[in-house]
> 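Take this structure first; my questions come after.
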Amino acid sequence: MKKLTELKKKVNLTGPVVTIVMDGVGIGNGMDGDAVTKAYTPTLDMLMAKYPWVKLKAHGTAVGLPSDDDMGNSEVGHNALGSGQVFSQGAKLVSESIETGKMFEGKAWTEVVNNVKDNATVLHFLGLFSDGNVHSHIDHLKAMLKKAKEDGVKTVRIHILLDGRDVGETSSLDYVVPFEAFLEELNDATFDAKIASGGGRMKITMDRYEANWSMVEAGWHTHVLGEGRQFASAEEAITTYRSETGVIDQDLPAFVIAKDGKPVGTINDGDSVVFYNFRGDRAIEISKTFEAGADFDKFDRVRTPSVVYSGMLEYDGDLHIPSRYLVSPPNITNTMSEYLAGTGVKQFAISETQKYGHVTYFWNGNKSGKFDEKTETYEEIKSDVVPFEQRPWMKCADITDRLLEVIKSGEYKYIRANFPNGDMVGHTGNYCATICSMEALDLQLARLLTAIDEAHGVAIITADHGNADEMYEFDKKKGCPKTNSDGSPKAKTSHTLNPVPCIIYDNYTAAEYDVKSGDFGLANVAATVTNFLGYEAPEMWNESLINIK
């Protein structure tokens, strides 16, 4: 394994280096809707007033996305934090592959298309239906539909997962209506494409980390079996559910499109299925469900069609999920964990279920498992299966309880933790709950800092992207939140383009280095960690945030 080189000039640190990721906590404008600023957070306020900190870019090109108009997300953010480098990420990879035609020349696309042509069956596309560019992009779907027609596919059915999380909370019709017009123009005597089913992304199909398999079961019954409430169109389903339930897009119930009482697009033997999300966390379980054999035990699939299944990307490179994929994922190499393991530095990583994969799999460059069983310990605190706004403190106290034990033990030189509150509660659009989540997190920060001081350690307190910092849609021209028809602020459920803080908490060795000023991103954190640990950063990493005197 790769090893780090010791620094000639070191910080005389005797305790651990602890990276605390406050997931979804960016630097907002301090106005209404900024739950980070409006919450009572004396610990975070003290940190930003008394300790050195810098702003880090956590979106766009700083994390490998196509442009600075693209919001960051937890996956690419943790890739950058853990690798110390910037790699072209999902959206950019897929767009480049489509633009060059490489995707359509690949083996997977050829197998998917030839299967339905040879057997006169149906090609299905399933995925998140928006241009949020976090899990998927509707333009990728449109490009594949055009190419499928060009390649001689006759029948296509689309199963749409409504967003309202990475885009406006009630924006689904802004995608459905133009898309129906797009299909009408594309369809002719030789090509028949229809929306066949759908539902909110937080109700069906897109569970992650096996937190709630019932979501996947509901999706299976909807998309594959065609079971559920029937509507004549997706527009009718969305409009009806909105008036009946008042919930936002991500929470809309499942629906099936039917004609004369019969679903228009069940998935059957001989069909091909493309799950077109490029981000992996919420794609793995549905992929497992399609590809698993008779030993699948998560729920009763009732009927398991024999299909040619493909993901947009390989969602898990170690477990090879799925077995077929259209675009190769980024090859993330030379990660911090690999170097620390090779050098013999003991590491501890912890979060609750919702973000456990982020401090392990994504942190390690999309790698399952460990680099070294002897020096690495990973711990998952099981998340509650309840709506996050109903329990906004989530498991932050439980994570902290365990961290206090680990810090006190003195066993680990490097510790990393993710607190999901700001992101998971922020995504609900519930402003009051998000304020509560921030206040709960702040209480735990206070406990952690005391333990870090007792151990004579250093904390690097940062975030992976913004979310809780902007809970209302903001009208920049008017300088105030946008409003609904009743005058209430329009909730924002997506990530933000705001930078995130990176605070250096050190009460013992702060005089031995300077914190740099400049234009930095998440990828600068890895070199900072290794410098505190007494090692040089590998040459391919972005520079450290500290300059040792």
Side-chain angles (χ1 to χ4, degrees), residues 18-56 58 74 77 350-352 354-355 388-401 403-404 407 416-453 457-472 474 481 489 491-493 495-507 515 522 525:
V18 184
T19 300
I20 300 169
V21 180
M22 305 181 296
D23 209 296
V25 178
I27 302 170
N29 59 16
M31 300 178 71
D32 288 346
D34 182 350
V36 176
T37 300
K38 297 298 183 182
Y40 178 65
T41 54
T43 305
L44 188 56
D45 294 345
M46 176 275 295
L47 286 168
M48 298 190 74
K50 295 185 178 181
Y51 290 85
W53 63 277
V54 298
K55 293 180 180 179
L56 300 181
S74 298
I350 188 171
S351 186
E352 62 176 277
Q354 288 296 331
K355 297 290 182 175
F388 302 115
E389 69 273 21
Q390 293 181 15
R391 203 167 293 173
W393 46 88
M394 299 183 69
K395 291 292 186 178
C396 65
D398 301 67
I399 294 170
T400 304
D401 288 345
L403 281 171
L404 297 182
I407 293 169
R416 58 184 182 268
N418 180 297
F419 289 92
N421 306 56
D423 188 46
M424 300 311 298
V425 184
H427 276 310
T428 69
N430 188 315
Y431 180 48
C432 291
T434 307
I435 286 178
C436 182
S437 79
M438 287 301 306
E439 293 176 350
L441 171 59
D442 196 74
L443 289 171
Q444 305 314 313
L445 285 177
R447 297 176 66 202
L448 279 173
L449 296 183
T450 298
I452 290 166
D453 281 341
V458 166
I460 300 173
I461 304 162
T462 189
D464 53 347
H465 55 74
N467 187 336
D469 44 289
E470 202 170 291
M471 293 297 297
Y472 296 154
F474 202 75
K492 181 174 182 176
T493 55
H495 296 168
T496 73
L497 299 176
N498 294 329
V500 301
C502 184
I503 306 161
I504 309 295
Y505 178 81
D506 179 3
N507 287 327
V515 176
L522 297 179
V525 171

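Worth knowing before you read on, the calculation uses all heavy atoms, side chains too, and leaves out hydrogens, waters and symmetry mates.
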> Going by heavy atoms in the side chains, are V500 and L522 under 4.5 Å from each other?
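A side-chain contact under 4.5 Å exists here.
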> Which distance, rounded to the nearest 0.5 Å, do you find between the CE of M22 and the CD1 of I461?
7.0 Å
> OG1/T428 to CE/M471 distance, rounded to the nearest 0.5 angstrom?
5.5 Å
> Check the pair H465, D23 against side-chain contact (heavy atoms from CB on, under 4.5 Å), reporting the backbone distance first and the verdict last.
CA-CA 7 Å; H465 55 74; D23 209 296; 3.4 Å; yes
> What are the two closest non-hydrogen atoms of S437 and P392, and how far apart are they?
CB-O, 3.2 Å
> So, the side chain of H427 versus the backbone of T493: is there a donor-acceptor pair under 3.5 Å, distance only?
yes
> Flag the pair L404 / R447 as yes when at least one side-chain heavy-atom distance between them is below 4.5 Å, and no otherwise.
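Yes. Closest side-chain heavy atoms under 4.5 Å.
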> Can you list the steps and then say if W53 with I27 is a side-chain contact (heavy atoms from CB on, under 4.5 Å)?
CA-CA 12 Å; W53 63 277; I27 302 170; 3.6 Å; yes
> Look at the side chain of D469 and the backbone N and O of G26, then say whether any donor-acceptor pair between them is shorter than 3.5 Å.
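Here the side-chain-to-backbone pair exists.
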> When you compare the side chain of K355 with that of D423, does any pair of heavy atoms fall below 4.5 Å?
yes
> To the nearest 0.5 Å, tell me how far M438 CE sits from L445 CG.
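Spacing of CE (M438) from CG (L445) equals 8.0 Å.
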> Classify the side-chain pair Y505/D453 by whether it contains a donor and acceptor separated by less than 3.5 Å.
yes
> Would you say the side chain of F419 lies within less than 4.5 Å of the side chain of E352, judging by non-hydrogen atoms?
no
> Just one of L441, N430, T434 clears the side chain to side chain contact (heavy atoms under 4.5 Å, CB included) bar with V425, so which one?
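Only one option passes, and that is T434.
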> Evaluate side-chain contact (heavy atoms from CB on, under 4.5 Å) for D32 paired with K38, printing each intermediate quantity in order.
CA-CA 8 Å; D32 288 346; K38 297 298 183 182; 4.1 Å; yes
> From T37 OG1 over to N29 CG, what is the distance, rounded to the nearest 0.5 angstrom?
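Rounded to the nearest 0.5 Å, the OG1-CG separation comes out at 7.5 Å.
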> Counting only N and O atoms by type, is there a donor-acceptor contact under 3.5 Å from the side chain of T41 to the main-chain atoms of E439?
no
> Checking D442 side chain against L44 main chain: does a donor-acceptor pair fall under 3.5 Å?
yes
> What pair of heavy atoms forms the shortest contact from I504 to Y51, and how long is it?
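In this case the closest contact between I504 and Y51 is O-CB, 3.6 Å.
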> Decide yes or no on side-chain contact (heavy atoms from CB on, under 4.5 Å) for T400 and L448, but give the supporting numbers first.
CA-CA 7 Å; T400 304; L448 279 173; 3.9 Å; yes
> Say you draw a straight line from CD of Q444 to CG of D401; how long is it, rounded to the nearest 0.5 Å?
7.5 Å
> Got a donor-acceptor contact below 3.5 angstrom from the E470 side chain to the T496 backbone?
no
> How many angstroms lie between atom CG of N421 and atom CH2 of W393, to the nearest 0.5 angstrom?
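Going from the CG atom of N421 to the CH2 atom of W393 covers 11.0 Å.
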> Quick one, P481 and K492 - any side-chain contact, counting heavy atoms below 4.5 Å?
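Side chain of P481 against side chain of K492, heavy atoms only: no contact under 4.5 Å found.
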> Counting C-beta onward and ignoring hydrogens, is there a side-chain heavy-atom pair between L403 and I20 closer than 4.5 Å?
no
> Identify the two heavy atoms, one from A468 and one from G422, that lie closest to each other, and give their separation to 0.1 Å.
CB-O, 3.6 Å
> For residues C502 and V525, report the shortest heavy-atom separation together with the two atoms involved.
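Heavy atoms only, the tightest pair is SG-CG2, 4.3 Å.
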> If you look at every heavy atom in A58 and D464, which pair is closest and at what distance?
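Shortest heavy-atom separation between A58 and D464 comes out as CB-O, 3.4 Å.
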> Minimum heavy-atom separation for G457 and D506, please, with both atom names.
O-OD1, 4.4 Å
